[in-house]
Amino acid sequence: MNIEKLTHANLEQLYHFLTRNDFRAENFYPHPFTLDYLVWLLVRRTKDFYCVMRDGEKVVSYGMLRGFEEGFEIPSLGVGVDKDYRGKGVGRFMCNYLHFVAKLKGCTKVRLRVNKDNATAKTLYESL
């Protein structure tokens, strides 16, 4: 498995990841999950950070640090994990990676919101 910044090379795989998982039901909907919007992210959101974790060609997690583009000093962290890879440490690994990226960008904190009914995510985030 590897983590890489969102690029044109992995854009279509990310789109398939977003469409095969029901993130709306979990209230993880940080932006529209359309191919057009993902292209827009690549072209226009240069200060924010978006990345994917892949297992071979398959995207298994999507991570982001957003808010830099709007001038916020504390970014919002977002993570989505493929339904088939949950409970295997993928979310924890991605969160730790994003914390490291935030530190490299000079941040001392990240911001996070989670649905109160999402016990799995709450447990993960509270442990971090």
Side-chain angles (χ1 to χ4, degrees):
M1 289 213 216
N2 65 311
I3 297 178
E4 54 196 47
K5 194 171 180 179
L6 182 62
T7 66
H8 288 287
N10 56 34
L11 190 69
E12 195 167 315
Q13 292 147 341
L14 173 59
Y15 175 71
H16 291 298
F17 163 82
L18 294 171
T19 57
R20 82 173 164 263
N21 288 280
D22 189 14
F23 291 119
R24 279 187 183 211
E26 299 161 14
N27 289 318
F28 177 68
Y29 195 68
H31 56 70
F33 291 163
T34 65
L35 201 49
D36 286 342
Y37 192 86
L38 295 175
V39 169
W40 182 83
L41 285 178
L42 282 174
V43 175
R44 306 293 285 183
R45 307 294 286 193
T46 57
K47 294 179 184 176
D48 293 340
F49 182 81
Y50 299 89
C51 62
V52 298
M53 179 186 293
R54 295 192 318 165
D55 184 2
E57 292 299 310
K58 182 179 182 179
V59 169
V60 299
S61 183
Y62 176 45
M64 66 193 74
L65 294 168
R66 302 183 331 155
F68 296 117
E69 194 71 28
E70 289 88 4
F72 292 101
E73 292 180 22
I74 299 173
S76 292
L77 181 145
V79 173
V81 176
D82 187 277
K83 59 188 174 205
D84 295 334
Y85 284 76
R86 294 180 187 168
K88 298 179 181 181
V90 170
R92 177 173 301 282
F93 193 87
M94 180 61 89
C95 284
N96 285 328
Y97 177 79
L98 291 170
H99 285 157
F100 179 71
V101 171
K103 228 178 231 191
L104 289 176
K105 290 180 170 282
C107 301
T108 57
K109 299 181 197 177
V110 295
R111 181 175 177 263
L112 175 76
R113 290 180 9 173
V114 64
N115 181 329
K116 65 181 181 188
D117 297 327
N118 190 340
T120 303
K122 277 183 66 175
T123 300
L124 168 63
Y125 299 140
E126 288 170 354
S127 75
L128 293 169

Smallest separation among heavy atoms of A102 and V110, with atom names: CB-CG1, 3.8 Å

Can a cation-pi geometry be assigned to K5 and F49, taking NZ or CZ under 6.0 Å from the six-membered ring centre and within 45° of the ring axis? no

If we only count heavy atoms from C-beta on, is the F28 to P30 side-chain gap below 4.5 Å? yes

Nearest 0.5 Å, please: how far is CG in N10 from NE2 in H16? 12.0 Å

For a side-chain contact (heavy atoms from CB on, under 4.5 Å) with V52, tell me which candidate from V59, T7, I3 qualifies. V59

Check S61 against V90 and note the closest heavy-atom contact, atom names and distance. CB-CG1, 3.6 Å

First locate atom CG of N2, then atom CG of D55, and finally report the distance between them rounded to the nearest 0.5 Å. 9.0 Å

Between R86 and F23, the two heavy atoms sitting closest are NH2-CE2, 3.4 Å

Minimal heavy-atom distance between V60 and M1, with the atoms involved, is CG2-SD, 3.9 Å

R66/E69 salt bridge by N-O under 4.0 Å criterion: no

Student check: side-chain heavy atoms of D48 and L65 closer than 4.5 Å: no

State, to 0.1 Å, how close M64 and L98 come at their nearest heavy-atom pair, and which atoms those are. N-CD1, 3.7 Å

Does the distance from a Lys or Arg side-chain N to an Asp or Glu carboxylate O, for K83 and D22, drop under 4.0 Å? no

May I ask you to check whether over 12 heavy atoms, not counting those of F93, lie within 6.0 Å of atom CZ? no

Face-on cation placement of K103 at F100 ring, 6.0 Å and 45° thresholds: no

pair R20-K58: side-chain heavy atoms closer than 4.5 Å: yes

Evaluate the side-chain proximity of L14 to L38: yes if any heavy-atom separation is below 4.5 Å, no if none is. yes

Do F72 and L41 belong to the same hydrophobic cluster, where Ile, Leu, Val, Met, Phe, Trp and Tyr are linked whenever their side-chain heavy atoms lie under 4.5 Å apart, directly or via other members? no

Quick check for you: to the nearest 0.5 Å, what is the distance between E73 atom CD and R111 atom CZ? 14.0 Å

Enter the distance from L77:CG to K109:NZ here, rounded to the nearest 0.5 Å. 15.0 Å

Reported OG1-to-CD1 distance for the pair T108 and I74, which is rounded to 0.5 angstrom: 6.5 Å

Closest non-hydrogen atom pair, Y62 against C51: CD1-O, 3.3 Å

So H31 and F33, would you call those rings parallel, tilted or perpendicular, with 30° and 60° as cut-offs? perpendicular

What's the separation between atom CD in E12 and atom CG in L35, rounded to the nearest 0.5 Å? 6.5 Å

